[in-house]
Engineer: 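First the structure, then my questions, so here it is.
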Amino acid sequence: MGAVGSVITRRPWTALLVAGIPLLILAFQARRIAPGVPDHDSLPAAAESVQALHTLQGMGRSGIVQSLRVVLELPPQSPPLSPAGWLAVSRLTKRFQSDPRAQEVLSLPTLTGMSDTADAVHDVPEPIRKSFLRSDGQATLIELLPPPLFRPTPRCNGYETCVPPMSRR
């Protein structure tokens, strides 16, 4: 390493050119980068996953691909299946349901038909219940599905339909 260091200190401008020119060539390629969301037709049409996506779009269910999962972790004294926890999960679910950016909201309360108590959770099949409730019982999943035509675009901060962010209450 000492030999390389002495060459660099003897000829710093040569070392700068030798290292800098390839770096400039690489940096020049950055001009072709187009930030943003790629065109929706940029995927290979023959791929099975792309065909499945087009099938979902035809059914009006393409939002399932872009779902947003929210994990709600509650304090130890009020887990999701306790009366206070159930009320909190139900209120947040209703809040998400009222948001126009969510076509459908899936949570333990919606799976029970928005039951007033958590007792109805036992009617939900166990595998489904387990996928919405953490194993220690302190957190639950709320899944939001956007409308099928809710496509990211450069307009309106990335959304085709300009919807203001949720206000704090």
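Just so you know, residue 1 is the first one in the sequence shown, and it goes up from there. This is a predicted model, so every value here is computed, not measured.
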Engineer: Please check: side-chain N/O of Trp86 versus main-chain N/O of Leu108, any donor-acceptor pairing under 3.5 Å?
Structural biologist: no
Engineer: Is there a path of hydrophobic side-chain contacts, each under 4.5 Å between heavy atoms of I/L/V/M/F/W/Y residues, joining Leu26 to Val18?
Structural biologist: no
Engineer: Could you go through Asp99 and Val105, starting from their C-alpha distance and side-chain angles, then the distance that decides it, and tell me whether this counts as side chain to side chain contact (heavy atoms under 4.5 Å, CB included)?
Structural biologist: CA-CA 10 Å; Asp99 191 307; Val105 179; over 6 Å; no
Engineer: Can you tell me how far the CZ atom of Arg69 sits from the CD1 atom of Ile142, to the nearest 0.5 Å?
Structural biologist: 12.5 Å
Engineer: Taking all non-hydrogen atoms of both residues into account, name the closest pair between Phe132 and Leu106 and its distance.
Structural biologist: CE2-O, 3.6 Å
Engineer: If you group Ile, Leu, Val, Met, Phe, Trp and Tyr by side-chain heavy-atom gaps below 4.5 Å, do Leu141 and Val121 land in one group?
Structural biologist: yes
Engineer: In Å and rounded to the nearest 0.5 Å, what is the OG1 to CD distance from Thr110 to Glu143?
Structural biologist: 10.0 Å
Engineer: If you draw a 6.0 Å radius around CG in Asp116, do more than 12 non-hydrogen atoms from other residues or ligands fall strictly inside?
Structural biologist: no
Engineer: Write down the atom of Ala139, the atom of Leu133, and the distance for their closest heavy-atom approach.
Structural biologist: O-CD1, 3.4 Å
Engineer: What's the spacing between Asp119 CG and Thr112 OG1 if we round to 0.5 Å?
Structural biologist: 10.0 Å
Engineer: Would you say that Arg11 contacts Val7 through its side chain, given a criterion of any heavy-atom pair below 4.5 Å between the two side chains?
Structural biologist: no
Engineer: Quick one: CG on Leu74 to CZ on Arg134, what's the gap to the nearest 0.5 Å?
Structural biologist: 9.5 Å
Engineer: Quick one: closest heavy-atom pair of Gln138 and Pro75, and the distance?
Structural biologist: OE1-O, 3.3 Å
Engineer: For the pair Thr93 and Met114, evaluate side chain to side chain contact (heavy atoms under 4.5 Å, CB included) and give the outcome as yes or no after the intermediate values.
Structural biologist: CA-CA 9 Å; Thr93 297; Met114 294 305 288; 4.2 Å; yes
Engineer: Restricting to non-hydrogen atoms, name the atom on Pro79 and the atom on Gly137 that form the minimum distance, rounded to 0.1 Å.
Structural biologist: CB-O, 3.3 Å
Engineer: Hydrophobic cluster membership, with links at side-chain heavy-atom distances under 4.5 Å among I/L/V/M/F/W/Y: are Ile8 and Leu16 in one?
Structural biologist: no
Engineer: Sub-3.5 Å donor-acceptor pair from the side chain of Arg91 to the main-chain atoms of Leu87, do we have one?
Structural biologist: no
Engineer: Do Val71 and Leu145 land in one hydrophobic cluster if side-chain heavy atoms of ILVMFWY residues count as linked below 4.5 Å?
Structural biologist: yes
Engineer: Quick check for you: to the nearest 0.5 Å, what is the distance between Gln29 atom CD and Leu24 atom CG?
Structural biologist: 12.0 Å
Engineer: Can you confirm whether Gln77 is buried at CD, in the sense that more than 12 heavy atoms of other residues, nucleotides or ligands lie under 6.0 Å from that atom?
Structural biologist: yes
